[in-house]
2 protein chains.
Amino acid sequence: MKIDAIDLKILTVLQQDGRVSNQDLAEQVFLSPSACLRRVRALEESGMIARYIALLDATAFGLEVDSFVQVTMRRDVEHWHENFTAALQSWPEVVGSYIITGEANYLLRVRARNLKHYSSFVLEKLYKTPGVLDIRSNIVLQTLKDTQMLAPELLMGEAGVNG
Amino acid sequence: MKIDAIDLKILTVLQQDGRVSNQDLAEQVFLSPSACLRRVRALEESGMIARYIALLDATAFGLEVDSFVQVTMRRDVEHWHENFTAALQSWPEVVGSYIITGEANYLLRVRARNLKHYSSFVLEKLYKTPGVLDIRSNIVLQTLKDTQMLAPELLMGEAGVNG
DNA sequence: GCTGAAAGTCGGCACCT
DNA sequence: AGGTGCCGACTTTCAGC
């Protein structure tokens with residue numbers, strides 16, 4: 001599927017305001033509502049727009065701790081990867097988990113209400129998972145940028161941009 | 001502001017589908033549309049719901065590289081933090097940046113079209129920033145979980161949940 | 001604080017350019 | 001491809017419970 005400059009503009013707007021009305025969106029990209037809606041539907045059906053979500057403010061709920069945790073596994077435990085992966089999905093504190101290159105095997109993003117909650121997560125859940133050898137916690141002291149935004153400059157140069 | 005079990009349900013639904021219609025939402029939480037809408041507006045105005053966004057599928061745009069980059073700075077350069085922070089905001093490849101505890105000073109989440117693009121970002125942008133001493137790239141090989149979802153269990157126990 | 005109805009607005013479709 | 005117009009559905013407000 002080919003996307004042009006107007007599609008890029010639509011994607012930019014929707015990434016900033018997922019609930020913008022089709023009429024407003026159409027105005028911003030200088031299109032009629034029907035033409036605009038057709039493009040949005042095409043972007044959704046092609047999978048380029050994956051989904052729409054509400055973002056909550058973690059601090060408003062008293063979630064004080066945000067962290068990145070590097071996890072190293074030992075390989076002498078059976079089904080260590082399957083067990084660990086399944087556990088990750090079930091733990092609400094884990095909002096992201098990735099297999100990465102480098103010294104650790106996994107990188108987790110973990111949120112907790114406070115340090116006590118965080119501590120109990122690490123000791124009672126993470127460390128008790130068979131195969132977990134080493135855990136390195138990197139607590140977030142300050143968030144400078146935290147966005148899901150894929151800027152037009154990033155999207156361009158691929159997927160056949162015309163305009 | 002106090003939230004109850006119905007608010008938690010509303011937040012859970014909206015975090016999964018930010019464009020759900022008020023009528024559907026009202027049905028799911030067993031409320032009339034007008035009562036439901038009033039709760040949603042209250043959650044928005046209190047700041048608990050920060051915003052609504054569209055999530056794009058990075059792979060659909062050919063963004064092959066996802067990574068976490070640990071950056072260590074030297075302190076003998078003037079305004080190193082201010083300069084670096086400003087640069088981070090302007091680089092589209094950087095979708096997240098955090099000051100963390102541990103060995104590195106910053107953790108960045110960086111997205112790029114391919115390894116060539118990634119390499120040029122690290123060499124031409126990151127390394128050329130005054131004060132950058134060491135860079136450790138952790139390329140994401142597999143994404144097991146990547147969500148912004150704050151589960152009800154996480155939100156509970158704070159903000160005075162009643163029901 | 002919830003319900004129900006009324007009014008304004010929007011999304012979705014058919015049709016034309 | 002994009003634009004116009006119409007109809008049904010939805011959002012939103014307000015009176016009443």
Side-chain angles (χ1 to χ4, degrees), chain A residues 1-57 60-62 152 155-163, chain B residues 1-57 60-62 152 155-163:
Chain A
M1 176 177 171
K2 283 202 168 195
I3 64 172
D4 60 15
I6 297 179
D7 292 316
L8 280 179
K9 175 70 177 162
I10 289 175
L11 293 171
T12 303
V13 173
L14 284 176
Q15 284 187 92
Q16 288 165 306
D17 180 6
R19 285 204 104 160
V20 65
S21 78
N22 184 54
Q23 295 205 355
D24 277 4
L25 180 58
E27 266 185 42
Q28 292 185 53
V29 302
F30 305 106
L31 238 55
S32 73
S34 64
C36 182
L37 186 60
R38 245 174 312 175
R39 281 169 178 265
V40 172
R41 290 289 174 268
L43 290 166
E44 288 168 358
E45 274 153 35
S46 73
M48 289 177 171
I49 297 177
R51 53 205 208 99
Y52 301 88
I53 62 167
L55 290 182
L56 306 189
D57 179 359
F61 294 93
L155 303 177
M156 264 194 298
E158 295 288 331
V161 178
N162 296 323
Chain B
M1 174 178 171
K2 282 201 169 195
I3 63 171
D4 61 16
I6 296 180
D7 292 316
L8 278 180
K9 175 70 177 164
I10 288 175
L11 293 171
T12 303
V13 173
L14 284 175
Q15 284 187 91
Q16 289 166 305
D17 180 6
R19 285 203 104 160
V20 66
S21 79
N22 185 52
Q23 292 205 355
D24 277 3
L25 181 57
E27 265 185 43
Q28 291 184 55
V29 302
F30 305 105
L31 240 55
S32 71
S34 61
C36 181
L37 184 62
R38 234 175 316 123
R39 281 169 178 267
V40 172
R41 290 287 173 269
L43 290 166
E44 288 168 358
E45 275 153 35
S46 73
M48 289 178 172
I49 296 177
R51 49 205 280 259
Y52 301 88
I53 63 167
L55 290 181
L56 306 189
D57 178 359
F61 294 93
L155 303 177
M156 264 194 299
E158 297 288 329
V161 178
N162 296 324

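The structure presented is a predicted model; accordingly, all values stated were derived computationally and were not measured. Letters go in sequence order (proteins before strands), and every chain restarts at 1.
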[atom1] of [X] versus [atom2] of [N]: gap in Å, rounded?
X     : N      : atom1 : atom2 : result
B/K2  : C/dG1  : NZ    : C1'   : 16 Å
A/L25 : C/dC10 : CG    : P     : 13 Å
B/F30 : C/dC2  : CZ    : C1'   : 16 Å
B/E45 : D/dT12 : CD    : P     : 12 Å

(message) Whether B/R41 contacts D/dT12 is assessed here as follows: a side-chain N or O lying under 4.0 Å from the phosphate OP1 or OP2. Is that the case?
(response) yes
(request) Check each of A/L25, A/L11, A/I3, A/D4 against A/R39 using the side chain to side chain contact (heavy atoms under 4.5 Å, CB included) test, and report the only one that passes. (result) A/D4
(message) Taking the nucleotide of DNA chain C with the nearest heavy atom to each, does B/P33 or B/R19 sit closer to the 5' end?
(response) B/P33
(request) Report yes or no: does A/R19 contribute a side-chain atom to a donor-acceptor pair with the main-chain N or O of B/G18 at less than 3.5 Å? (result) yes
Nearest of [options] to any side-chain atom of [X]?
X     : options               : value
B/L37 : C/dG11, D/dG3, D/dT12 : D/dT12
B/Q23 : D/dC10, D/dT4, C/dG11 : D/dC10
A/N22 : C/dT3, C/dG11, D/dT12 : C/dG11

(request) Describe the nucleic acid contact of A/R39 in one word from base, sugar-phosphate, nothing, applying a heavy-atom distance below 4.0 Å. (result) sugar-phosphate
(message) So A/S21, base contact, sugar-phosphate only, or nothing? Heavy-atom distance under 4.0 Å.
(response) sugar-phosphate
(message) Could you check whether the side chain of B/R38 and the base of C/dG1 have a donor-acceptor pair of N or O atoms closer than 3.5 Å, going by distance alone?
(response) no
(message) Check this for me: does the side-chain of A/S34 come within 3.5 Å of the base of D/dG2 through a donor and an acceptor?
(response) no
(request) Answer yes or no: is there a side-chain heavy-atom contact under 4.5 Å between B/M48 and B/L155? (result) no
(request) Report yes if some heavy atom in the side chain of B/R41 is under 4.5 Å from a heavy atom in the side chain of B/E44; otherwise report no. (result) yes
